[in-house]
Amino acid sequence: MQGRRLPEANAPFDYQIGGDYPPPSGVMVVSRDRESAPAPNLYNICYVNGFQAQPSEESFWLDDHPDLVLRDSTGDPVIDPDWDELLLDTSTPEKRGNLAAIGGGWIAVSRPDGFDAAETDNLDSYTRSQGLLSEDNNVAFMRMLSDGAHAEGL
C-alpha cells in the first residue's frame with residue numbers, strides 16, 4: 001500500500017462540487033468533482049457520486065450499464081427526488097462488484113491525477129430507494145470502495 005497523506009487538523013476547507021475555482025486565501029483542503037483538476041499545493045479530495053448517477057451521466061448508466069440502475073416494481077429507474085439522480089443498485093454482491101469496478105476505477109485514477117483522498121457520496125441512498133436497498137447493501141459497497149481507495153494510498 002502506498003503511504004497516505006493526511007490534512008492538517010482543523011485545516012480551512014472549501015467544498016467545490018459542481019465547478020472548481022481558485023480557493024479563497026487560507027484554504028488548505030478542497031473537495032472537487034472527479035473530472036476537475038486538483039488545486040495546486042493544497043490537500044485535494046476527489047468527490048465521487050458512488051451510489052447515484054450524476055444527471056450528466058444518465059446515458060452512461062442507462063445505455064451501457066442498465067442492470068446496475070435500481071428499478072422499481074414496474075421496471076422504471078428509482079430517482080432521488082431531491083437531486084434528480086438515478087440510484088445505483090447495490091442489492092447483490094455481483095452488482096456491488098460491477099459497480100466497484102466502475103466507481104473504484106474512478107477513485108483509483110484520482111491518486112495519479114493528484115488527489116490525496118476520495119469522498120464517495122450518497123451512502124444514504126438506501127433511504128431513498130423505496131425499500132429496495134438496505135443500509136447493509138450500501139455499507140458493503142462502501143467497504144469495497146474504501147478498501148480500494150486505501151490500497152491506492154488514498
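Counting from 1, the numbers follow the sequence of the chain as shown. These numbers were taken from a predicted model, which means no experiment stands behind them.
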Legend entry - Spacing of CG belonging to Asn10 relative to CE belonging to Met28, to within rounding of 0.5 Å: 10.5 Å
Inset, instruction - Please name the pair of heavy atoms, one in Asp33 and one in Gly18, separated by the smallest distance, quoted to 0.1 Å. - result: OD2-N, 2.7 Å
Inset, instruction - Decide yes or no for Arg96 and Asn137: does some side-chain heavy atom of the first lie under 4.5 Å from some side-chain heavy atom of the second? - result: yes
Inset, instruction - Please step through side chain to side chain contact (heavy atoms under 4.5 Å, CB included) for the pair Leu87 and Ile79, ending with a clear verdict. - result: CA-CA 6 Å; Leu87 271 66; Ile79 307 289; 5.8 Å; no
Legend entry - Glu57 CD to Asn49 CG distance, which is reported to the nearest 0.5 Å: 8.0 Å
Legend entry - Heavy-atom pair of closest approach, residues Leu154 and Ser110: CD1-OG, 3.3 Å
Legend entry - Atom pair CG (Asp80) and CD (Glu85), whose distance is rounded to the nearest 0.5 Å: 6.0 Å
Legend entry - Joint hydrophobic cluster, Ile45 plus Ile17, side-chain heavy atoms closer than 4.5 Å: yes
Legend entry - Trp83, CH2 atom: more than 12 neighbouring heavy atoms under 6.0 Å: no
Inset, instruction - Side-chain contact test, heavy atoms from C-beta onward, threshold under 4.5 Å: evaluate it for Val27 versus Phe13 and give yes or no. - result: no
Inset, instruction - Please answer whether the main-chain N or O of Val48 pairs with a side-chain N or O of Asp121 as donor and acceptor at a distance below 3.5 Å. - result: no
Inset, instruction - Answer yes or no: is there a side-chain heavy-atom contact under 4.5 Å between Leu132 and Ser91? - result: no
Inset, instruction - Answer yes or no: is there a side-chain heavy-atom contact under 4.5 Å between Asp14 and Tyr21? - result: yes
Inset, instruction - Going by the side-chain contact (heavy atoms from CB on, under 4.5 Å) test, name the single residue among Asp20, Val30, Asp113 that passes it with Ser36. - result: Asp20
Legend entry - Test item: Leu88 and Leu70 side chains (from C-beta on) under 4.5 Å apart, heavy atoms: no
Inset, instruction - Answer with yes or no whether the hydrophobic clustering places Ile107 together with Leu123; edges join I, L, V, M, F, W, Y residues whose side-chain heavy atoms lie under 4.5 Å apart. - result: yes
Legend entry - Neighbour count >12 (heavy atoms, 6.0 Å) for atom CG, Asn41: no
Inset, instruction - Specify the closest pair of heavy atoms between Ser125 and Leu133, including all atoms of both residues, with the distance to one decimal. - result: OG-CD1, 4.3 Å
Inset, instruction - May I ask you to check whether Glu119 and Ser31 show a side-chain donor-acceptor distance below 3.5 Å? - result: yes
Legend entry - Nearest heavy-atom neighbours spanning Ala100 and Met144: CB-CE, 3.9 Å
Inset, instruction - Report the distance from atom CG of Asp72 to atom OG of Ser129, rounding to the nearest 0.5 Å. - result: 11.5 Å
Inset, instruction - Report the C-alpha separation of Ser134 and Asp136 in whole Å, then their side-chain angles, then the decisive distance to 0.1 Å, and conclude whether the side chain to side chain donor-acceptor pair (under 3.5 Å) test is met. - result: CA-CA 5 Å; Ser134 70; Asp136 288 344; 5.0 Å; no
Inset, instruction - Decide yes or no for Leu86 and Glu58: does some side-chain heavy atom of the first lie under 4.5 Å from some side-chain heavy atom of the second? - result: yes
Inset, instruction - Kindly compute the distance separating CG (Asn44) from SG (Cys46), expressed to the nearest 0.5 Å. - result: 9.5 Å
Legend entry - Side-chain donor or acceptor of Arg32 paired with backbone N/O of Ala37 under 3.5 Å: yes
Inset, instruction - Answer whether the closest heavy-atom distance between the side chains of His65 and Ile102 falls below 4.5 Å. - result: yes
Inset, instruction - Begin from the C-alpha positions of Val29 and Leu42 and carry the test side chain to side chain contact (heavy atoms under 4.5 Å, CB included) through to its verdict. - result: CA-CA 6 Å; Val29 178; Leu42 298 180; over 6 Å; no
Legend entry - Distance in Å, Thr120 OG1 paired with Met142 CE, rounded so as to fall on 0.5 Å steps: 5.0 Å
Inset, instruction - Establish, from distance only, whether the side-chain atoms of Tyr47 and Glu35 form a donor-acceptor pair under 3.5 Å. - result: no
Inset, instruction - Would you mind reporting whether Phe51 and Asn138 have side-chain heavy atoms less than 4.5 Å apart? - result: yes
